[in-house]
Trainee: 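Could you have a look at this structure, given as structure tokens, before my questions?
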There are 2 protein chains.
Amino acid sequence: MNLTTAEENYLKAIYHLSDGGKKSVSTNDVAGEMNTKPASVSDMLRKLGEKEVIEYRKYYGVNITDEGKKRALQTIRKHRLWEVFLVEKLNFAWDEVHEVAEELEHIQSPLLIQRLDAFLNYPKFDPHGDPIPDEFGDVRARPRIPLNEMELNQSGQIVAVKDSSAAFLRYLDKVGAYIGARIKVLDKVEFDGSLEILVDQKKNIFMSKDVAGNILVLQS
Amino acid sequence: MNLTTAEENYLKAIYHLSDGGKKSVSTNDVAGEMNTKPASVSDMLRKLGEKEVIEYRKYYGVNITDEGKKRALQTIRKHRLWEVFLVEKLNFAWDEVHEVAEELEHIQSPLLIQRLDAFLNYPKFDPHGDPIPDEFGDVRARPRIPLNEMELNQSGQIVAVKDSSAAFLRYLDKVGAYIGARIKVLDKVEFDGSLEILVDQKKNIFMSKDVAGNILVLQS
DNA sequence: TTTGTAATTTAGGTTAGGCTAAAATATAAA
DNA sequence: TTTATATTTTAGCCTAACCTAAATTACAAA
């Protein structure tokens with residue numbers, strides 16, 4: 001079930017106020033954080049309770065549910081990725097980005113966020129130093145492995161290269177294996193360790209073990 | 001005075017339906033374009049009339065004002081800049097960008113658009129070949145003719161499509177006729193008007209008169 | 001010139017997300 | 001244990017953007 005922009009903002013506020021779901025949060029606290037009146041908050045809490053992203057007991061404040069935590073972290077992830085984009089790519093100052101990111105975080109497109117993440121080279125922290133949750137809401141770093149060490153039929157995303165020489169990058173460009181590409185191992189030749197890879201669900205490419213060893217993949 | 005997201009969308013629809021303000025537009029036409037009921041449109045036209053972005057005479061349709069034109073072009077500018085971003089930076093296919101750009105175009109931040117424009121190196125055309133208005137609403141139009149009207153042996157560049165349905169764009173992608181491709185008419189079959197085209201000096205493709213009629217070419 | 005029909009507007013209702021004022025509840029203090 | 005007070009909820013109202021049904025208007029055909 002989907003949340004509206006307002007609901008997403010309330011949920012994010014509750015997440016922050018509860019310190020990531022550790023403590024319960026009062027109606028007044030939420031009203032303060034959201035710059036709304038307590039009466040409006042009561043109404044919204046009822047709705048969020050019905051959608052089961054918070055546990056709401058009248059007069060006793062709210063606790064965020066696991067589902068709610070997941071949703072809040074997704075919004076936070078989007079917010080922070082956009083902040084990185086604004087600072088690193090569009091030359092915004094670190095203190096100019098919040099307002100705009102507050103709008104951008106509500107754009108609905110999982111693909112957009114996946115691609116943005118790849119484009120920014122999977123940043124782990126936003127410009128304020130806050131950690132960026134991964135797509136599962138996990139804040140810990142994920143392991144990257146060389147492409148040649150992946151198992152048959154495993155999927156992932158190209159996130160980096162070991163050899164970043166112009167020649168190697170040109171080669172990758174030519175075969176269509178850019179940073180951020182979603183890949184799947186279709187075949188591994190035992191004889192020489194070479195691989196057949198499906199790129200972005202449409203293009204098949206072949207590469208030697210040496211080449212694959214220089215490509216780092218985030219498993220998914 | 002500011003426009004809401006819904007108002008911006010209506011204004012954009014009116015701008016397109018009126019062919020850039022050249023003709024007046026009926027309530028029914030707007031309802032069709034916006035997938036809403038005529039009754040809802042009447043309501044919205046009254047509001048837009050009060051905000052003086054359109055001239056509204058009950059029962060006689062609307063004309064867009066100069067101020068309205070400026071606003072519509074700003075929205076169109078934002079939409080097309082985001083499309084360029086999605087295709088060139090995030091590796092979206094050109095038939096995947098419209099929906100997301102439809103959301104992104106409503107982000108309110110003149111600075112964001114200025115910086116995005118610079119980041120993209122001031123593109124003049126979007127991935128579908130449509131011109132991107134500058135910040136004052138000026139467009140640099142290029143003369144374009146349908147591919148089927150080109151003469152034998154004439155050369156040019158594909159700059160736009162009339163039919164931008166996902167199916168048509170996928171078809172073009174498949175045969176290799178992307179926006180920006182340099183083409184030459186190798187043969188015109190008199191019987192059915194179908195064409196043989198050389199793409200990028202290397203690939204021969206065949207297409208029906210209907211398909212060619214939906215492809216716009218800049219002659220060279 | 002009248003009239004049938006299509007187009008359009010008005011009237012009144014809905015949902016989301018706000019508000020104020022009044023009522024209800026929890027809790028700390030006496 | 002009672003009561004004062006702060007917190008929270010309810011009731012009722014507002015605007016934006018939709019809706020349906022009914023009324024109105026324009027216009028073409030007779």
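Labels below follow one simple rule: chain letters A, B, ... track the order of the sequence lines, proteins then strands, and each chain is numbered from 1. What you see is a predicted model, and the numbers here were worked out from it, not measured in a lab.
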Trainee: Among C/dT8, C/dT9, C/dA16, find the nucleotide with the atom closest to the side chain of B/Ser26.
Mentor: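 So the nucleotide nearest the side chain must be C/dT8.
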Trainee: Using a 4.0 Å heavy-atom cut-off across all strands, classify A/Thr36 as base, sugar-phosphate, or nothing.
Mentor: sugar-phosphate
Trainee: Check the distance between D/dT10's C1' and A/Leu45's CG and give it to me in whole angstrom.
Mentor: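 Between C1' of D/dT10 and CG of A/Leu45: 14 Å.
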Trainee: Looking for any heavy atom pair under 4.0 Å, which part of the strands does A/Thr27 touch: base, sugar-phosphate only, or nothing?
Mentor: sugar-phosphate
Trainee: Within less than 4.0 Å of OP1 or OP2 of C/dA6, is there a side-chain N or O belonging to B/Asn28?
Mentor: no
Trainee: Salt bridge (Lys or Arg N to Asp or Glu O under 4.0 Å) with B/Glu7: which of B/Lys51, B/Lys12, B/Arg46?
Mentor: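 Exactly one pass, corresponding to B/Lys51.
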Trainee: OP1 or OP2 of C/dC19 less than 4.0 angstrom from a side-chain nitrogen or oxygen of A/Ser40, does that happen here?
Mentor: yes
Trainee: Taking the cut-offs as 6.0 angstrom to the six-membered ring centre and 45 degrees off its axis, would you call A/Lys47 and A/Tyr10 a cation-pi pair?
Mentor: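 Verdict for A/Tyr10: no cation-pi partner in A/Lys47.
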Trainee: Nearest to the side chain of B/Ala6 - C/dA16, D/dC18, C/dA11?
Mentor: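 Between C/dA16, D/dC18, C/dA11, the one nearest the side chain of B/Ala6 would be D/dC18.
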Trainee: Of A/Lys58 and B/Asp43, whose nearest nucleotide on DNA chain C comes first from the 5' end?
Mentor: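 Final value for this comparison: B/Asp43.
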Trainee: Counting only side-chain N and O atoms of A/Lys47, is one of them less than 4.0 Å from OP1 or OP2 of C/dT15?
Mentor: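 The answer is no; no side-chain N or O of A/Lys47 sits under 4.0 Å from OP1 or OP2.
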Trainee: Which listed nucleotide (C/dG17, C/dG18, C/dT9) is nearest to the side chain of B/Ala39?
Mentor: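 So the nucleotide nearest the side chain must be C/dT9.
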Trainee: Of the nucleotides D/dT8, C/dA11, D/dC18, which one has an atom closest to the side chain of B/Met44?
Mentor: D/dC18
Trainee: Report the distance from atom NZ of B/Lys37 to atom C1' of C/dG12, rounded to the nearest whole Å.
Mentor: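 Going from NZ in B/Lys37 over to C1' in C/dG12 covers 18 Å.
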Trainee: Give the rounded distance in Å between these two atoms: CZ of B/Arg57 and P of C/dT8.
Mentor: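 So the CZ-P distance, B/Arg57 to C/dT8, works out to 13 Å.
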Trainee: Please report the distance, rounded to the nearest Å, between CD in B/Glu7 and C1' in D/dA17.
Mentor: 10 Å
Trainee: Look at B/Tyr56 and C/dT9 and indicate whether a side-chain polar atom (N or O) is within less than 4.0 Å of OP1 or OP2.
Mentor: yes
Trainee: Consider only side-chain N and O atoms of B/His79 and B/Asp126, and report whether a donor and an acceptor are under 3.5 Å apart.
Mentor: no
Trainee: Distance to the ring centre below 6.0 angstrom and angle to the axis at most 45 degrees; does that hold for B/Lys89 and B/Phe119?
Mentor: yes
Trainee: Counting side-chain heavy atoms from CB outward, which of C/dT9, C/dA16, D/dT9 is closest to B/Tyr59?
Mentor: C/dT9
Trainee: Going by heavy atoms in the side chains, are B/Arg80 and B/Pro131 under 4.5 Å from each other?
Mentor: yes
Trainee: Measure from CG on B/Leu11 to P on D/dA17 and round the result to the nearest Å.
Mentor: 13 Å
Trainee: For B/Ser42 and C/dT9, is the shortest distance between a side-chain N/O and OP1 or OP2 below 4.0 Å?
Mentor: yes
Trainee: Calculate the interatomic distance between B/Asn35 atom CG and D/dC18 atom C1'; express it in whole Å.
Mentor: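 Computing the B/Asn35:CG to D/dC18:C1' distance gives 13 Å.
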